[in-house]
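Have a look at the structure below before the remarks.
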Number of protein chains: 2
Amino acid sequence: MAKNKKVTSYDVAREAGVSQSAVSRVFRPGLSVSQKTRDKVMATANEMGYRPNAIARMLITKQSGMVAVIVSSRANVNYPEVLSQVSKQLAARNKRVLLFTLDDVEGLDELFEQILTFQVDGVIALAAHFESHRLAQFEKHEIPVVLYNRNVSDAMANTVCCNHEQGIKQLIAELEKNNPKKYLVLSGPKDSDVANERREIAIKLLKQFAVKDVSILYGDYSYQSGRDCLAKWLQHNPAPDAIICSNDTMAIGVIDEARENHELHIPNDISVVGFDGITSSAWQSYQITTIKQPVEKLVKAAVEVLLEHIENPDSPPEARVLTGALIKGNSVKRP
Amino acid sequence: MAKNKKVTSYDVAREAGVSQSAVSRVFRPGLSVSQKTRDKVMATANEMGYRPNAIARMLITKQSGMVAVIVSSRANVNYPEVLSQVSKQLAARNKRVLLFTLDDVEGLDELFEQILTFQVDGVIALAAHFESHRLAQFEKHEIPVVLYNRNVSDAMANTVCCNHEQGIKQLIAELEKNNPKKYLVLSGPKDSDVANERREIAIKLLKQFAVKDVSILYGDYSYQSGRDCLAKWLQHNPAPDAIICSNDTMAIGVIDEARENHELHIPNDISVVGFDGITSSAWQSYQITTIKQPVEKLVKAAVEVLLEHIENPDSPPEARVLTGALIKGNSVKRP
DNA sequence: TTAATGTTTGCATTCGAAGTCATTATTACG
DNA sequence: CGTAATAATGACTTCGAATGCAAACATTAA
């Protein structure tokens, strides 16, 4: 009969007529215990409903088995998939996700204090802006950090990132097949590092393609901002030939706005490309030409790098770049 | 100068010339410490980079400050919003989210063992199927559980749920304005409790509305399944007048399939309603008439109920039902 | 049978903060 | 100024599992 109150290893030990150490050893893999003791302990443990207390174990082993995952609200629409992948893959390596969400920049110090407090084995930051002094803080405590989808040139940071440059190059190559004259780049918000990177790359590559007429607009990654930006632009300007959106969601907004309020047809009047390859980008009504991020591979890489650095704290920082897949939709005019 | 190795309360105590208890008291709110000691301790603590070890604190106080959130992969598309709300609201109450994702039914026992092991203060289950013996398990350990969007009639469980019945009634009322003859109910998967509930309610209410011709189809909540189900149906049957979809995503699939492959116009040929009020349901191309779940309120309620039961383990189980808002889109024919 | 080796086992200690309790310092007040 | 009341403090114990160490036991070789 299982009791209501917490059962400890001592209780089991007493009941089974062995020492507490014996009980502990039974529940630690690979330790020397005779089959007889093992069976006896397991039997009484099951009977009493005993489970080792992870907290006590953490304290003595100095390994919490928890990884802090920081998610910024700025995070991409595909973050649920990322998060669920992270959780799954960490679980496979016997680690749990301790979730920290981050909306305002206020309380950021507090947040980082919290994370340190919890003695996590490592940190994965999803699209969160990480100043280098924060990285240093974790470094000092020997807590490895992996930045997901962040290219930090300066830093000694571990990063796992989709190859934005290569992806955007492919997208522009698609667009260029029609020799568009007027380009619009619809960037994500200025305080998003990914957005800034994608925008700058687009600008750079367009220059390389010898495109003259490029205008930049700033949205906030949302559907509505896609609509609003296009609407505002068209108030005072002619329609562009091609629009490069920093993510799919804004591309969808752009398409809806063009069709609904301006009688512009996609792709015949305007070609639109997105980025990310979110589920809805493939929906019939949009069929966006975009770059699909290799989420599963990215996460696998992130987890690998993190675990490598947990096990071997002195291994040098690593930056992994994975290439996404060009999805040829129906939002770019065929030549 | 902060040292590289972990700084404990003893280190700070020694340095500040006080006892370890004093340090502990400084970092616990509301305990009796003189201003002088407090300042002294705070100063040296900051200087040494000391932060209390949450793990040690958990062990002695028997409060982990962590809430297990179980997310099933079956979970709705709006779960990222739910999850981020949960995290935010728990953070406001000084609790953290320990995330457990659940894909296959395998390893479910293992998962629950894990959760118990971590000594979480409570559990929130998002759309996860929870057999009553599992509930009993947590009950035995006095760990309160809140089921999010689950109506468990039998159970002594805490539940927070959107009012499906009232919502679906409103949707049917909308549809009935055109007196449709043939209804199709596109249900979610049979192993989802929410899906089953929504389907059964729809069937029951249609009967109440004296509708004769109702057929049931089963999808898996996905866009593609919406398309496939409609396509398969139309192979051998005439188009229905109205389709009640168990979620918005399938409704979107249905709409795309109807338009693309069958030259059916929404809403003139078929009226379609969804459920959830996900972001994309409001997009120009779909504008689905649906019920928007009051996610923020639901989460607030869930967190409230959970904390109430953490603080007062003997309070009776609570079932909160919140009503969603009818969104009148453009997917139902106007009379 | 004994020595030598390997395997199990229990004792005692450890992890780091919190809380109990008795003691000392401080304040309030007659 | 003395005494009661209160505030502040430190010594010591606690939470529950893991582990170094030495003793006990089992196994093999000689």
Side-chain angles (χ1 to χ4, degrees), chain A residues 3 5-42 44-45 48-66 113-114 116-121 141, chain B residues 3 5-42 44-45 48-66 94 113-114 116-121 141-142:
Chain A
K3 301 167 197 163
K5 280 298 129 204
K6 294 265 161 69
V7 183
T8 76
S9 57
Y10 282 98
D11 300 331
V12 176
R14 191 180 328 110
E15 205 70 20
V18 296
S19 75
Q20 180 266 331
S21 336
V23 177
S24 170
R25 277 190 274 258
V26 168
F27 281 90
R28 233 57 277 260
L31 289 187
S32 163
V33 196
S34 72
Q35 196 57 46
K36 214 179 71 187
T37 333
R38 180 177 303 266
D39 294 346
K40 197 166 46 179
V41 168
M42 271 308 199
T44 39
M48 302 176 74
Y50 169 76
R51 287 275 85 196
N53 181 325
I55 305 294
R57 177 179 290 176
M58 290 177 198
L59 184 58
I60 188 77
T61 62
K62 302 181 165 205
Q63 283 243 320
S64 69
M66 301 190 298
E113 294 286 355
Q114 284 274 353
L116 287 174
T117 275
F118 274 94
Q119 319 289 121
V120 294
D121 296 342
H141 290 258
Chain B
K3 299 166 199 165
K5 279 300 126 208
K6 294 268 161 67
V7 183
T8 76
S9 58
Y10 282 97
D11 301 330
V12 176
R14 191 178 329 109
E15 206 69 20
V18 296
S19 74
Q20 180 267 331
S21 327
V23 178
S24 170
R25 278 189 278 257
V26 168
F27 282 90
R28 231 63 267 270
L31 289 187
S32 164
V33 195
S34 71
Q35 196 58 43
K36 214 178 69 186
T37 331
R38 164 162 281 130
D39 294 345
K40 195 165 50 179
V41 169
M42 270 309 199
T44 41
M48 303 176 73
Y50 168 76
R51 287 273 89 194
N53 181 324
I55 305 294
R57 179 180 286 176
M58 290 177 198
L59 184 58
I60 187 77
T61 62
K62 304 187 163 196
Q63 284 243 318
S64 68
M66 302 189 296
N94 205 28
E113 295 286 355
Q114 284 273 355
L116 287 174
T117 275
F118 273 94
Q119 319 289 122
V120 294
D121 296 343
H141 290 257
E142 293 207 327

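Chain identifiers are assigned alphabetically (A, B, ...) following the order of the sequence lines, protein sequences preceding nucleic acid strands; residue numbering begins at 1 within each chain.
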Practice prompt. Grab the NZ-P distance between A:Lys40 and C:dT8 for me, whole Å please.
Written response: 14 Å
Worksheet item: Quick one: the side chain of A:Ser9 and the base of D:dA18, do they pair up donor-acceptor inside 3.5 Å?
Response: no
Worksheet item: Given atom CG of B:Leu31 and atom P of C:dT20, what is their separation to the nearest angstrom?
Response: 10 Å
Discussion item. Rounding to an integer number of Å, can you tell me how far B:Ile60 CD1 sits from D:dA17 C1'?
Written reply: 14 Å
Discussion item. Looking at every non-hydrogen atom in both residues, tell me the closest pair between A:Phe27 and A:Met42 and how far apart they are.
Written reply: CZ-SD, 4.1 Å
Discussion item. Can you measure A:Ile55 atom CD1 to D:dA18 atom C1' for me and round it to whole angstrom units?
Written reply: 15 Å
Worksheet item: Looking at the side chain of A:Tyr10, which of C:dT13, D:dT19, C:dT8 is the nearest nucleotide?
Response: C:dT13
Discussion item. Can you see if the side chain of A:Ser21 gets near the phosphate of C:dT9 - specifically, an N or O under 4.0 Å from OP1 or OP2?
Written reply: no
Response to the item:
d(A:Met58 CE, B:Met58 CE) to nearest 0.5 Å is 6.5 Å
Discussion item. Classify B:Val23 by what it touches in the nucleic acid, base, sugar-phosphate, or nothing, heavy-atom distance under 4.0 Å.
Written reply: nothing
Response to the item:
Of the listed C:dG16, C:dT9, D:dA18, the closest approach to the A:Arg25 side chain comes from C:dT9
Practice prompt. Assess whether one donor atom and one acceptor atom, taken from the side chain of A:Ser24 and the base of D:dG16, lie less than 3.5 Å apart.
Written response: no
Discussion item. How many whole angstroms separate atom CD of B:Gln35 from atom C1' of C:dA25?
Written reply: 17 Å
Worksheet entry | 5'-most by nearest nucleotide on DNA chain D - B:Leu59 or B:Arg38 | B:Arg38
Discussion item. Distance check needed: C:dC15 P versus A:Gln63 CD, whole Å only.
Written reply: 16 Å
Worksheet entry | Protein-nucleotide distance (A:Arg14, atom CZ; D:dA17, atom P), rounded to Å | 12 Å
Discussion item. I'd like to know if B:Gln20 reaches the base of C:dA18 with its side chain such that a donor and an acceptor end up less than 3.5 angstrom apart.
Written reply: yes
Discussion item. Are B:Asn94 and A:Gln114 packed together at the side-chain level, in the sense that at least one heavy-atom pair is separated by less than 4.5 angstrom?
Written reply: yes
Item to complete: Give B:Ser34 one of three labels, base, sugar-phosphate or nothing, depending on what nucleic acid heavy atoms sit under 4.0 Å from its own.
Response: sugar-phosphate
Worksheet entry | Sugar-phosphate, base or nothing in reach of A:Val18, heavy atoms under 4.0 Å | sugar-phosphate
Discussion item. Heavy atoms only, 4.0 Å cut-off, all strands: where does A:Arg51 land among base, sugar-phosphate and nothing?
Written reply: sugar-phosphate
Worksheet item: Within less than 4.0 Å of OP1 or OP2 of D:dG16, is there a side-chain N or O belonging to B:Lys62?
Response: yes
Worksheet item: Do the non-hydrogen side-chain atoms of A:Pro52 and A:Tyr50 ever get within less than 4.5 Å of each other?
Response: yes
Worksheet item: Is any side-chain heavy atom of B:Thr8 closer than 4.5 Å to a side-chain heavy atom of B:Asn53?
Response: no
Worksheet item: Roughly how far apart are B:Arg57 CZ and B:Arg28 CZ, rounded to 0.5 Å?
Response: 4.0 Å
Worksheet item: Choosing from C:dG19, C:dC11, D:dA11, which nucleotide comes nearest the side chain of B:Ser19?
Response: D:dA11
Discussion item. Determine whether a donor-acceptor pair (one donor, one acceptor, N or O, separation below 3.5 Å) exists between the side chain of B:Arg57 and the base of C:dG19.
Written reply: no
Item to complete: Please evaluate the base of C:dC15 for a donor-acceptor partner in the side chain of A:Thr61 within a cut-off of under 3.5 Å?
Response: no
Practice prompt. Compare side-chain N and O positions of A:Tyr50 against OP1 and OP2 of D:dA17 and report whether any pair is under 4.0 Å apart.
Written response: yes
Practice prompt. Specify the separation, in whole Å, of atom CD of A:Gln119 and atom C1' of C:dG16.
Written response: 9 Å
Worksheet, complete the sentence: Of A:Ala22 and B:Ala56, the one whose closest nucleotide on DNA chain C sits nearer the 5' end is A:Ala22
Item to complete: Side chain of B:Thr8 only, please: which of D:dC15, C:dA17, D:dT9 is the nearest?
Response: C:dA17
